[in-house]
Trainee: 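Below is a structure I'd like to ask you about.
For clarity, every value in this text was computed on a predicted model and none was experimentally measured. Counting begins at 1 with the first residue of the sequence.
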Amino acid sequence: MDYFKFTEDKQKDLDQLFVSNEWTSFAKGYISSDEFKLYATNRFPEYYDDVLKILDVNNLKYMIPPYIETLEFIKKLKSDGYNIYLLTD
């Protein structure tokens, strides 16, 4: 989450969200993004605005930056005519 330039203490606190059972449930589709946001903002009410900023769909791309080598490989496959499907956990 370097993109957000949080203090070290805030970073440590917010990192806890992504190792929680609720994050796992959200990642597996067992709970909705709204349910996870509710959990996260209740867990860290002092960081309410920060939590919402992190979980904004437009900011999630900064959470796990892609590997450049992978992007180049995907572009090569696509230019060779392969259909590309990206899946996550």
Trainee: Hey, are the side chains of Leu17 and Tyr39 touching, using non-hydrogen atoms and a 4.5 Å cut-off?
Mentor: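 Result yes, sub-4.5 Å side-chain heavy-atom pair found.
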
Trainee: Going from CG on Leu14 to CD1 on Ile54, what distance comes out if it is rounded to the nearest 0.5 angstrom?
Mentor: 4.5 Å

Trainee: Quick one: are Lys12 and Glu8 in side-chain contact, heavy atoms under 4.5 Å?
Mentor: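 Result yes, sub-4.5 Å side-chain heavy-atom pair found.
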
Trainee: Going by heavy atoms in the side chains, are Leu77 and Phe73 under 4.5 Å from each other?
Mentor: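 Result yes, sub-4.5 Å side-chain heavy-atom pair found.
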
Trainee: When Ile, Leu, Val, Met, Phe, Trp and Tyr are grouped by side-chain heavy atoms lying under 4.5 Å apart, directly or through other members, which residues fall in the same group as Leu38?
Mentor: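 Members besides Leu38: none; it forms no cluster.
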
Trainee: With sequence neighbours left out, write down each residue that passes side-chain hydrogen bond (donor to acceptor under 3.5 Å, both in side chains) with Asn42, or none if nothing qualifies.
Mentor: none

Trainee: For the CG atom of Asp50 and the OG1 atom of Thr41, what is their distance to the nearest 0.5 Å?
Mentor: 12.0 Å

Trainee: Would you call the rings of Phe36 and Phe26 parallel, tilted or perpendicular if under 30° counts as parallel and over 60° as perpendicular?
Mentor: parallel

Trainee: Should Asp15 and Phe6 be marked as a side-chain contact (heavy atoms from CB on, under 4.5 Å) after you check the CA-CA gap, both sets of side-chain angles, and the distance that decides it?
Mentor: CA-CA 11 Å; Asp15 282 347; Phe6 294 142; over 6 Å; no

Trainee: Yes or no on side-chain contact (heavy atoms from CB on, under 4.5 Å) for Phe44 and Lys10, after CA distance, side-chain angles and deciding distance?
Mentor: CA-CA 10 Å; Phe44 293 106; Lys10 185 186 290 191; over 6 Å; no

Trainee: So for atom CD, which belongs to Glu46, do other residues, nucleotides or ligands contribute more than 12 heavy atoms lying within a distance under 6.0 Å?
Mentor: yes

Trainee: For the OH atom of Tyr82 and the NZ atom of Lys76, what is their distance to the nearest 0.5 Å?
Mentor: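 The OH atom of Tyr82 sits 9.0 Å away from the NZ atom of Lys76.
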
Trainee: Measuring only between side-chain heavy atoms, which start at C-beta, is Trp23 closer than 4.5 Å to Ser20?
Mentor: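 Of all side-chain heavy-atom pairs linking Ser20 with Trp23, at least one is under 4.5 Å.
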
Trainee: Let's go through Lys75 and Lys78 carefully: what are the C-alpha distance in whole Å and the side-chain angles of both, what is the deciding distance for side-chain contact (heavy atoms from CB on, under 4.5 Å) to 0.1 Å, and is it a yes or a no?
Mentor: CA-CA 5 Å; Lys75 287 177 185 178; Lys78 191 165 175 87; 5.7 Å; no

Trainee: With side chains defined as the heavy atoms from C-beta onward, is the minimum distance between Asp56 and Leu52 less than 4.5 Å?
Mentor: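 Not touching, per the 4.5 Å side-chain cut-off.
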
Trainee: Please determine whether a side-chain nitrogen of the Lys or Arg among Asp49 and Lys53 lies less than 4.0 Å from a carboxylate oxygen of the Asp or Glu.
Mentor: no

Trainee: Test Gln16 against Arg43 for side-chain contact (heavy atoms from CB on, under 4.5 Å), laying out the working first.
Mentor: CA-CA 10 Å; Gln16 293 177 37; Arg43 174 73 174 83; 2.7 Å; yes

Trainee: Where the side chain of Glu72 meets the backbone of Glu69, is there a donor-acceptor pair that is under 3.5 Å apart?
Mentor: no

